[in-house]
Amino acid sequence: MRRVFSGVQPTGDLHLGNYLGAIRNFVDLQEEYECLYCVVDLHAITVWQDPIKLAANTREVAASFLASGIDPKNSIMFNQSQVPAHAELSWILSCVSRIGWLNRMTQFKDKAGKNRENASVGLYVYPNLMAADILAYKASHVPVGEDQKQHLELTRDIATKFNNDFSVEFFPVVEPLILGEATRVMSLRDGKAKMSKSDPSDNSRINLTDGTDEIVQKIRKARTDPDVLPGPEVLIEGDLKTEDQNKRPEAFNLLSIYSALSRQSLEETLKQFQGMQFSSFKDELADLSIAKLAPIGEEMQRLMADPGYVDNILQEGAIRANNIAQPILKEVHQIIGFLGK
Ligand code: AQP
């Protein structure tokens with residue numbers, strides 16, 4: 001069975017990183033796999049969310065799925081809290097997962113920061129819930145950005161331990177799908193920091209709902225360096241040499257974004273712009289970004305103005321998702337030895 005599961009948190013300000021690292025790949029995979037795409041609201045509340053904004057952000061993520069090209073008749077689109085199997089299986093998997101494993105998760109360290117003692121327990125066990133999201137559907141493939149790779153490795157460890165503990169071949173060992181030329185889009189203000197919703201600077205990211213002027217301004221203001229654009233000599237077997245990457249992180253971030261948006265290899269982009277000044281390249285990047293993103297932003301605005309339509313799609317998706325997850329959860333109960341029908 002080739003089944004895809006992935007999710008996006010409704011934490012506001014969806015950005016180009018979410019699009020290139022995840023949502024655009026969701027669209028591409030629809031033809032080949034049975035796909036479930038989830039607005040992971042249970043994950044969102046691991047840090048405080050204003051209830052009114054959470055509901056609006058949930059619709060925004062759903063609108064971004066639809067506007068990017070997810071077909072809700074074909075793929076299953078829903079919000080996580082509407083399918084109880086996620087929370088239930090998460091508890092069971094929390095009893096399989098080990099504290100030592102969670103202690104190694106870098107995202108918790110980054111998000112909890114120095115205030116670790118005051119972070120929610122939910123933030124700490126977030127990866128167990130993510131494992132439950134995937135395994136509740138026995139998904140075989142998970143498209144994500146590179147930042148989620150470690151959590152997926154944990155999902156594999158949890159699935160393997162469950163199978164070993166109960167001497168079954170029940171959960172699949174999932175494969176991450178980290179696709180495209182921009183699997184880790186970096187901040188426009190700092191080429192060493194991930195483009196992120198929670199960055200306080202709006203200029204650090206291109207939001208999917210940004211208009212043409214905002215896109216142009218943010219790209220013009222994006223941090224660069226004084227040198228002209230490099231050529232393909234910075235590649236070794238198609239990959240960027242680490243020393244070059246470390247020397248000019250902002251330059252390569254913009255070049256990777258261009259490659260991903262134009263669906264061409266980094267090598268082709270380097271050949272195209274070799275020796276050019278950044279000011280001219282930024283004009284090209286702005287034009288391309290507007291051509292690719294503005295129609296999505298406009299369609300998102302249109303959909304968000306019709307919450308009833310979006311809510312219906314999510315509700316229907318939740319029924320279909322529940323129909324897949326419930327029998328799997330029932331089997332899990334039997335394997336564990338829980339009494340019941
Ligand atoms: N910068 C990025 N480059 C490539 N992919 C990215 N993703 C996130 N940021 C980038 C991918 O988007 C999907 C959904 O992410 P999420 O919203 O569920 O969680 P996140 O990774 O925590 O996203 P943010 O923007 O960094 O949010 P905050 O600031 O709230 O932590 C995932 O597949 C992710 O890999």
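Please read these numbers as outputs of a predicted model, since none were measured by experiment. One-based numbering, in listed order, for ligands and for the atoms of each.
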What do we get for [X] next to ligand 1 when only non-hydrogen atoms under 4.0 Å count, side chain, backbone, both or neither?
X: H43; result: neither
X: D147; result: side chain
X: T183; result: backbone
X: H15; result: side chain
X: R184; result: backbone

Do any nitrogen or oxygen atoms of [X] come within less than 3.5 Å of a nitrogen or oxygen of ligand 1?
X: S196; value: yes
X: E146; value: no
X: V8; value: no

Shortest protein heavy-atom distance from [atom], along with the residue and atom involved:
atom: atom 16 (P) of ligand 1; answer: K197 NZ, 3.6 Å
atom: atom 19 (O) of ligand 1; answer: Q9 NE2, 3.2 Å
atom: atom 31 (O) of ligand 1; answer: K111 NZ, 2.7 Å
atom: atom 26 (O) of ligand 1; answer: K194 NZ, 2.7 Å
atom: atom 3 (N) of ligand 1; answer: V185 N, 2.8 Å
atom: atom 12 (O) of ligand 1; answer: N18 ND2, 3.2 Å
atom: atom 13 (C) of ligand 1; answer: A22 CB, 3.6 Å
atom: atom 6 (C) of ligand 1; answer: G17 O, 3.4 Å

| Would K138 count as a cation-pi partner of F170, with NZ or CZ less than 6.0 Å from the six-membered ring centre and within 45° of the ring normal? | yes
| So, is the end of the R2 side chain (NZ or CZ) under 6.0 Å from the ring centre of Y33 and within 45° of the ring's axis? |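 Verdict for Y33: a cation-pi partner in R2.
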| task | Using a strict cut-off of 4.0 Å, indicate which atoms of ligand 1 neighbour a heavy atom of G145. | result | 5 (N), 33 (O), 34 (C), 35 (O)
| Which ligand 1 atoms does G21 reach within 4.0 Å, using its non-hydrogen atoms? |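 In order of number, 4 (C), 5 (N).
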| field | Candidate pair R98 and D157, rule salt bridge (Lys or Arg N to Asp or Glu O under 4.0 Å), full reasoning | value | CA-CA 10 Å; R98 304 287 95 179; D157 289 343; over 6 Å; no
Answer yes or no: is there a donor N or O on one side and an acceptor on the other, between the side chain of [X] and the main chain of [Y], under 3.5 Å?
X: E233; Y: G231; value: yes
X: N207; Y: T209; value: no
X: E268; Y: S265; value: yes

| field | Note: D227-K247 ion pair, threshold 4.0 Å (strictly below) | value |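 Result for this pair is no, no salt bridge flagged.
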| query | Is R248 salt-bridged to D225, going by a charged N under 4.0 Å from an acidic O? | reply |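 Answer for the salt bridge query: yes.
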| note | Exactly one candidate in I134, L93, V96 meets side chain to side chain contact (heavy atoms under 4.5 Å, CB included) with F171; the answer is L93
| request: Take every heavy atom of L20, measure it against each atom of ligand 1, and state whether any distance is under 4.0 Å. | output: no
| message | For H43 and D133, which I'm curious about, is there any donor-acceptor pair between the side chains at under 3.5 Å? | response |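 A pair is found: one side chain offers a donor N or O, the other an acceptor, under 3.5 Å apart.
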| request: Check the angle between the aromatic planes of F273 and Y258 and answer parallel, tilted or perpendicular using the 30° and 60° thresholds. | output: perpendicular
| query | So which heavy atom on D210 is nearest to which on R205, and how close? | reply |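 Looking at all heavy atoms of both residues, the closest pair is OD2-O, 4.1 Å.
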